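Bear in mind the structure is a predicted one, so any value in this text is a computation, not a measurement.
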Amino acid sequence: MLVFSSSLFAQSALHIQLDQITRSANGRVGIAATIVETDKSIDLHGNERFPMQSVYKLPISMAVLQRVDQGTLKLDQPVRVEKRDYVSPAQHSPIRDKYPNGTELTLSELLRYNVSESDGSACDVLLRLLDGPQTVMRYLHGIGVKNMIVANTEKEIGSDNAVQYRNWSTPNDAVIMLKALQEGRTLSKSSRDLLFRWITATPTGMQRIKALLPKGTLVAHKTGSSRTLNGITAATNNIGLITLPNGQHIALAVFVSDSKADDAVRDEVIAKTARAIWDAWSPVPPK
């Protein structure tokens, strides 16, 4: 006779629930989640590769902030942004829209544009300051993230739909990165606090991880989205850290790839995933 513990049963029930939620995406969905303080975890296709799109702006900013901590870059240093730095009109860039002839911004402003407003032009300027994606890869390997690839600029990703698939992550490794960030193993406290401020205040992705969580829940997160071509959307993503009522944190990554569903359905898959995990793991019974 097989005997299952209540915790194993709950984990199995959550797996089943997540699998049911993902079916409406009509594509590939990868999920990984862990409670940072306890290592309680769950994943669905957690070791598969998914295109990151703008999710990759978070590790890029983390690598820049490591340089700030090392003293080779300064938050208040001026950085010239030229017209030639701008991504294409089809790509998102508030800097380009606000300063069509170029501008000068501080490094701090570029970082905020990159992670809070998901500005593609800011991202490419930061990659230039880092001497390219290989610097981000060295940073990621240094914090134990082995299955996340940052290979191209935003301009390159925007020039060819296939290029986005070269910049990928597994859900499990996205969570490893988030866990390292939450535990303070990657950056100084001041850099970490600044980054959290930006990714908590971001106006992007309001219908994704945050949408169905209890009002007032703190969520520090980064989105990633692709265009829809021939009815297929390559990437609708959200990764982030959710603060539970007891002060613990859920590190969550949800990647929706090659989906035939519309925008609302793809966002809903992410929102329902976050809520299901919250309900299963929150120490306060759901109302």
Side-chain angles (χ1 to χ4, degrees), residues 4-22 29-48 50 52 55 58-59 62 115 140 143-148 169-187 189 192-193 195-200 202 205 208-224 237-256 268-287:
F4 296 96
S5 71
S6 59
S7 62
L8 283 175
F9 178 80
Q11 193 82 334
S12 175
L14 181 56
H15 263 112
I16 292 169
Q17 186 179 6
L18 294 178
D19 182 62
Q20 290 173 338
I21 289 169
T22 63
V29 181
I31 299 167
T34 189
I35 297 180
V36 173
E37 291 79 6
T38 69
D39 286 332
K40 182 176 185 176
S41 300
I42 193 168
D43 75 89
L44 192 69
H45 308 300
N47 289 319
E48 293 185 15
F50 294 85
M52 285 190 286
V55 162
L58 180 57
M62 290 165 67
V115 289
L140 287 170
I143 63 172
V145 179
K146 306 299 184 184
N147 293 298
M148 178 181 286
S169 179
T170 67
N172 283 336
D173 273 71
V175 163
I176 289 171
M177 180 183 71
L178 291 169
K179 188 171 185 288
L181 180 61
Q182 177 59 42
E183 290 177 337
R185 293 188 282 110
T186 70
L187 299 170
K189 184 179 185 303
R192 180 173 166 271
D193 288 350
L195 183 59
F196 272 119
R197 188 186 315 155
W198 288 327
I199 62 177
T200 300
T202 176
R208 297 184 188 178
I209 287 176
K210 295 184 71 171
L212 299 178
L213 296 178
K215 186 176 180 180
T217 301
L218 286 178
V219 181
H221 65 111
K222 184 72 196 78
T223 56
N237 308 327
N238 207 183
I239 71 170
L241 289 153
I242 304 167
T243 302
L244 290 166
N246 66 355
Q248 293 180 344
H249 302 86
I250 297 172
L252 172 64
V254 188
F255 294 91
V256 181
E268 187 178 63
V269 166
I270 297 173
K272 286 184 174 180
T273 294
R275 182 68 202 214
I277 293 170
W278 170 279
D279 286 345
W281 291 355
S282 175
V284 177
K287 295 181 181 179

Give me the atom names and distance for the closest heavy-atom approach of [X] to [Y].
{"X": "Ile176", "Y": "Gly144", "value": "CG2-O, 3.8 Å"}
{"X": "Ile209", "Y": "Gly240", "value": "CD1-N, 4.0 Å"}
{"X": "Val29", "Y": "Phe50", "value": "C-CZ, 3.7 Å"}
{"X": "Ile250", "Y": "Ala33", "value": "CG2-CB, 4.3 Å"}
{"X": "Leu181", "Y": "Phe196", "value": "CG-CZ, 4.0 Å"}
{"X": "Pro59", "Y": "Met148", "value": "CG-SD, 3.9 Å"}

Problem set entry | Electrostatic pair Lys189-Asp193, nearest N-O below 4.0 angstrom | yes
Reported [atom1]-to-[atom2] distance for the pair [X] and [Y], which is rounded to 0.5 angstrom:
{"X": "Leu195", "Y": "Thr200", "atom1": "CG", "atom2": "OG1", "answer": "8.5 Å"}
{"X": "Lys179", "Y": "Glu37", "atom1": "NZ", "atom2": "CD", "answer": "8.5 Å"}
{"X": "Asp19", "Y": "Leu44", "atom1": "CG", "atom2": "CG", "answer": "6.0 Å"}
{"X": "Leu212", "Y": "Asp279", "atom1": "CG", "atom2": "CG", "answer": "9.5 Å"}
{"X": "Trp281", "Y": "Thr34", "atom1": "CH2", "atom2": "OG1", "answer": "6.0 Å"}
{"X": "Ile277", "Y": "Thr273", "atom1": "CD1", "atom2": "OG1", "answer": "6.0 Å"}

For this session: Kindly indicate, with the supporting measurements, whether the criterion side chain to side chain contact (heavy atoms under 4.5 Å, CB included) is fulfilled by Leu58 and Met177.
Result: CA-CA 10 Å; Leu58 180 57; Met177 180 183 71; 3.9 Å; yes
For this session: Applying side-chain contact (heavy atoms from CB on, under 4.5 Å) between Leu178 and each of Asp173, Leu252, Leu241, report the one that passes.
Result: Leu241
Do the non-hydrogen side-chain atoms of [X] and [Y] ever get within less than 4.5 Å of each other?
{"X": "Val254", "Y": "Arg208", "result": "no"}
{"X": "Ile239", "Y": "Phe255", "result": "yes"}
{"X": "Gln248", "Y": "Ser282", "result": "no"}
{"X": "Val256", "Y": "Ile270", "result": "yes"}
{"X": "Thr217", "Y": "Ile242", "result": "yes"}

Problem set entry | Main-chain N/O of Ala253 paired with Asn238 side-chain donor or acceptor, under 3.5 Å | no
